[in-house]
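Quick notes on the structure that follows.
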Amino acid sequence: MNWADQLYLHGSYFNAIDYYQQLKQQDERNPYITWQLAECYRATRDYVLAAHYYTEVKNMGKGLYPYAAYYAGLMYKQQCEYKLAIESFNEFLNDNKKNAVKKAPNPIASIENNLDRTPDPKYTKILKKLIKKEIEGCEMAIKSLKDPQPATLINAGPNVNSSYTELSPYPLGDSALLFSTLGRNQATRNTFIGRKDLIETDTWSESQYKDKFMYSHKQAGFVDSFQWPLPFWDGHFNDDNFHTGNGCWSPDGTRFYFSKCYVDEADSMKTKCNIYYSVFQERGWSNPVQPEIGEFGTNTMPYVAKVGKKEVLFFASSRKLQSKGGWDIWYSIIDPRDQRFGRPQNCGKVVNTKMDELTPYYDPREGKLYFASSGQVSMGGLDVYSATGGPSRYRDLKNLGYPYNTCADELYFILDPVGKPDGYLVSNRIGSYALKNPTCCNDIWRIQREPRLVVMGKVVGKRSGDLMTESVVKMTDQNGDMRTYNSEDGKFLFNMSRTHSYVITADKPGYTSSRATVSTMEIKRSDPDDTVTVTIFLDSIRNSFSVSNIYYEYDKSTLRPESVASLDSVVHFLADNPSISVEIYSYTDSKGKDDYNLALSQRRAQAVLDYLEKNGIDRGRMTAKGFGSKNAVAPNSVNGKDNPAGRMANRRTEFRIVTDVPTRRVIYNSALPGTMDQQDRNLSVEPQGLEDEPANGKPGANDDDE
């Protein structure tokens with residue numbers, strides 16, 4: 001236990017997990033060990049196991065670790081289990097409606113004295129505000145996943161990324177990529193956490209587990225494919241005694257900025273960083289020096305850009321004075337006369353929060369600051385945001401949405417300097433190369449900007465031509481994934497993706513819908529943005545829909561090939577009109593015993609229901625009923641002789657299209673002639689109609705009528 005605790009305190013979380021797991025096997029119900037495992041898995045960004053152990057602690061007793069429900073919610077959120085996250089967050093809020101949960105006393109000293117068990121009313125009050133923002137982030141994420149931004153993200157590949165961590169991508173024109181990597185040696189039993197607090201080394205030298213600059217050329221003839229990386233020997237930037245990264249050039253290319261970081265063992269294993277820059281002179285790059293921006297050990301992640309006519313150094317800092325809390329984004333204006341750095345200023349409350357803001361990147365073409373934050377409304381942990389303005393005032397804060405952001409951590413967003421707005425970001429999302437768990441370590445991801453494809457339109461009455469308000473427009477792709485748009489004014493808009501085909505319909509009680517189809521299958525990534533306009537027509541509940549009855553071979557319940565077309569028309573009609581249900585009635589001819597025929601007719605009705613369900617119709621909207629040989633539509637025999645044609649007509653399945661479920665109003669009966677428009681407006685069937693056979697094909701009849 002002491003060895004595990006010491007490893008935990010020194011940040012060696014992977015190694016601590018090994019020991020805590022051994023202890024857990026010996027004492028499964030020990031809440032301290034379970035809590036420590038949860039903390040270790042959270043530190044190593046193993047969201048699934050962290051959520052599991054936080055939930056286990058929570059179920060052991062709310063008074064043991066009062067914040068277990070909160071952290072469980074965070075870990076559910078970061079594995080995209082948004083509904084479970086909301087439940088866990090709400091559980092914490094319900095338990096803390098008035099005051100913080102009082103801890104339950106425990107006789108075990110290691111449990112009783114653990115600081116995580118001490119509720120702080122002030123901290124609880126802050127958490128309650130943060131949780132409301134976390135719930136808002138979960139709800140936003142659910143919507144964003146259904147309506148992604150026009151971009152594709154691909155892993156930069158094994159020549160850039162390793163099973164450790166890569167960060168700070170910086171495109172060198174359109175031909176190469178500068179980045180920082182922890183090292184490309186094969187691991188022995190060494191371990192490393194996602195944020196590099198500590199690495200246990202057995203066979204590596206000190207220099208082999210320090211982040212260093214490397215660069216990789218793009219492979220000619222391949223889209224966004226990179227060659228084996230090479231050491232970056234320019235200047236004296238790499239340093240065997242420090243983690244080096246966050247490289248960038250000044251706009252005129254005469255200065256190179258970067259940061260050096262180290263773990264201060266004398267100060268609670270805190271990571272401390274400083275910014276450096278080097279000037280290109282006649283004999284090459286000068287020795288790196290620190291800009292005069294104060295607060296030694298708190299400055300990192302520099303980015304220099306033109307804002308208007310001013311050259312500005314943006315950076316992240318954990319300094320306390322004038323901070324909003326945690327890490328903030330700061331800026332310093334560089335004097336063009338003597339290249340002195342102005343007094344650093346906080347970028348303000350639109351950008352910075354009480355949590356962490358990191359990795360600033362300013363794009364002068366757009367006049368936008370991009371940065372990562374854990375304090376804004378987010379899809380996961382760190383998300384990437386943009387804000388217009390600068391350097392001191394900003395507006396229009398925007399979460400970039402999916403797929404730029406996911407439930408994992410995203411940071412280091414940067415765009416290409418030339419061409420389409422492609423770019424890079426760093427993420428530990430699923431698909432990264434992982435040393436331990438699938439989300440432990442950061443990789444560089446390539447952003448491939450897609451053409452913005454939009455379908456917009458209106459919902460109008462078929463007869464009046466007026467906009468139909470209060471309708472729900474639905475867009476479904478070839479995989480069955482559906483997005484909805486609540487149209488209050490009769491207008492709608494959807495974003496589309498390439499290589500998809502879509503069906504668009506509208507749903508409004510009392511109306512049937514037409515359908516519009518849009519395909520993006522042939523659109524290339526290099527094509528321009530495009531907007532398609534469609535119109536969806538709603539008609540009063542009847543229209544020209546009609547369907548033929550389904551017929552069967554003697555003593556068979558399998559569907560005949562010619563039946564598929566009729567069934568497909570039913571599928572399309574029900575898919576376009578989700579408020580409408582269908583009743584399926586099947587029959588046999590007169591040969592055979594009544595019990596056998598009743599079972600056979602039920603199998604026939606069920607075969608039709610199964611076909612409709614297989615093609616996407618909700619089972620709850622369908623009812624299948626077999627009636628055996630009852631209610632024949634043709635004579636089974638004529639003058640005492642067998643009538644094969646009549647018996648064939650009796651081996652059938654009929655449909656009743658039903659709306660207004662409480663009154664069970666039949667709006668179409670396939671046993672009657674004519675289309676839906678032509679049939680009687682007042683067709684109706686009583687609620688017991690499903691239990692009693694429909695007589696002579698006339699809904700509403702009962703046994704007495706027959």
Side-chain angles (χ1 to χ4, degrees), residues 153-157 159-162 165-182 184 210-218 224-239 242-261 273 275-280 285 288 291 299-306 311-316 329 358-366 368-372 384 404 410-427 442-449:
L153 271 75
I154 60 172
N155 191 289
N159 287 345
V160 170
N161 294 311
S162 67
T165 192
E166 282 69 39
L167 50 86
S168 63
Y170 187 87
L172 305 177
D174 194 36
S175 61
L177 179 69
L178 175 70
F179 59 98
S180 185
T181 180
L182 184 65
R184 312 196 70 81
K210 292 293 192 294
D211 281 305
K212 295 181 180 180
F213 284 118
M214 301 190 81
Y215 73 100
S216 179
H217 285 283
K218 287 187 176 181
D224 292 334
S225 180
F226 295 88
Q227 299 177 13
W228 185 253
L230 301 172
F232 187 66
W233 294 121
D234 283 19
H236 305 283
F237 308 140
N238 286 323
D239 191 324
F242 295 89
H243 295 287
T244 52
N246 307 302
C248 74
W249 273 268
S250 61
D252 62 4
T254 60
R255 288 187 175 195
F256 183 77
Y257 293 81
F258 63 104
S259 59
K260 293 183 179 181
C261 299
C273 300
I275 294 173
Y276 292 80
Y277 72 94
S278 182
V279 181
F280 190 76
W285 292 101
N299 307 309
T300 186
M301 302 172 182
Y303 190 84
V304 182
K306 282 276 191 178
E311 189 171 298
V312 180
L313 167 66
F314 295 92
F315 61 99
I329 306 297
L358 303 167
T359 64
Y361 157 70
Y362 192 88
D363 184 5
R365 297 167 295 184
E366 298 180 308
K368 286 184 178 180
L369 176 68
Y370 293 88
F371 61 98
V384 177
Y404 299 105
E410 278 76 34
L411 61 167
Y412 284 110
F413 176 92
I414 188 170
L415 294 172
D416 284 350
V418 294
K420 293 185 68 173
D422 293 347
Y424 301 86
L425 61 71
V426 169
S427 176
N442 290 330
D443 272 3
I444 295 171
W445 290 73
R446 179 62 167 153
I447 300 169
Q448 296 179 336
R449 201 269 186 184

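In this chain, numbering begins with 1 at the start of the sequence shown.
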State the [atom1]-[atom2] distance between [X] and [Y], to the nearest 0.5 angstrom.
X    : Y    : atom1 : atom2 : answer
I414 : Y170 : CD1   : OH    : 6.0 Å
F258 : Y277 : CZ    : OH    : 11.5 Å
C273 : H243 : SG    : NE2   : 9.0 Å
F315 : I275 : CZ    : CD1   : 5.5 Å
L425 : T359 : CG    : OG1   : 9.5 Å
H217 : W228 : NE2   : CH2   : 15.0 Å

Should the pair [X]-[Y] be classified as a salt bridge under the 4.0 Å nitrogen-to-oxygen rule?
X    : Y    : result
D363 : K368 : no
R446 : D416 : yes
K210 : D239 : no

Determine whether [X] and [Y] make a side-chain contact, defined as any pair of heavy atoms from C-beta on separated by less than 4.5 Å.
X    : Y    : value
C261 : T300 : yes
L230 : M214 : no
V426 : P169 : yes
L177 : L172 : no

For [X] and [Y], which heavy atoms make the closest approach, and how far apart are they?
X    : Y    : value
E410 : S427 : OE2-OG, 2.7 Å
I444 : L167 : CD1-O, 4.1 Å
Y215 : P231 : CE2-O, 3.4 Å
P421 : L415 : O-CD2, 3.7 Å
T244 : S180 : O-OG, 2.6 Å
S250 : Y257 : CB-CE1, 4.2 Å

*Residues R255, V304; criterion side-chain contact (heavy atoms from CB on, under 4.5 Å); working and verdict*: CA-CA 10 Å; R255 288 187 175 195; V304 182; over 6 Å; no
*Go through the steps to decide whether Y361 and L369 satisfy the test side-chain contact (heavy atoms from CB on, under 4.5 Å), and finish with yes or no.*
CA-CA 6 Å; Y361 157 70; L369 176 68; over 6 Å; no
_Before you tell me yes or no, could you show the steps for N246 and Y412 under side-chain hydrogen bond (donor to acceptor under 3.5 Å, both in side chains), namely the whole-Å CA-CA distance, both residues' side-chain angles and the distance that decides it to 0.1 Å?_
CA-CA 9 Å; N246 307 302; Y412 284 110; 2.5 Å; yes
*Are F314 and Y303 close enough, and set up right, to give a ring pair (Phe, Tyr, Trp, His ring centres under 6.0 Å), and what steps lead you there?*
CA-CA 5 Å; F314 295 92; Y303 190 84; 7.7 Å; no
_Test item: side-chain donor near acceptor, D224 and Q448, under 3.5 Å_ = yes
*Output, in order, the C-alpha distance, side-chain angles, deciding distance and verdict of side-chain hydrogen bond (donor to acceptor under 3.5 Å, both in side chains) for S216 and Q227.*
CA-CA 6 Å; S216 179; Q227 299 177 13; over 6 Å; no
*Go through W285 and H236 one step at a time and tell me if the side-chain contact (heavy atoms from CB on, under 4.5 Å) criterion holds.*
CA-CA 8 Å; W285 292 101; H236 305 283; 5.9 Å; no
_Going by ring pair (Phe, Tyr, Trp, His ring centres under 6.0 Å), F237 matches just one of W249, F256, F242. Which one?_
F256
_Under the ring pair (Phe, Tyr, Trp, His ring centres under 6.0 Å) test against F413, which residue among F371, W445, Y370 passes?_
Y370
*Starting from the C-alpha separation in whole Å, work towards a yes-or-no answer on side-chain contact (heavy atoms from CB on, under 4.5 Å) for D174 and K218.*
CA-CA 8 Å; D174 194 36; K218 287 187 176 181; 3.1 Å; yes
*Establish, for the pair K212 and F232, whether the NZ or CZ atom is under 6.0 angstrom from the six-membered ring centre and no further than 45 degrees off its axis.*
no
_Donor-acceptor contact present, side-chain D422 to main-chain R449, <3.5 Å_ = yes
*asked:* I'd like to know if the side chain of N442 reaches the main chain of T165, judged simply by a donor and an acceptor atom lying under 3.5 Å from each other, with no hydrogens or angles considered.
replied: no
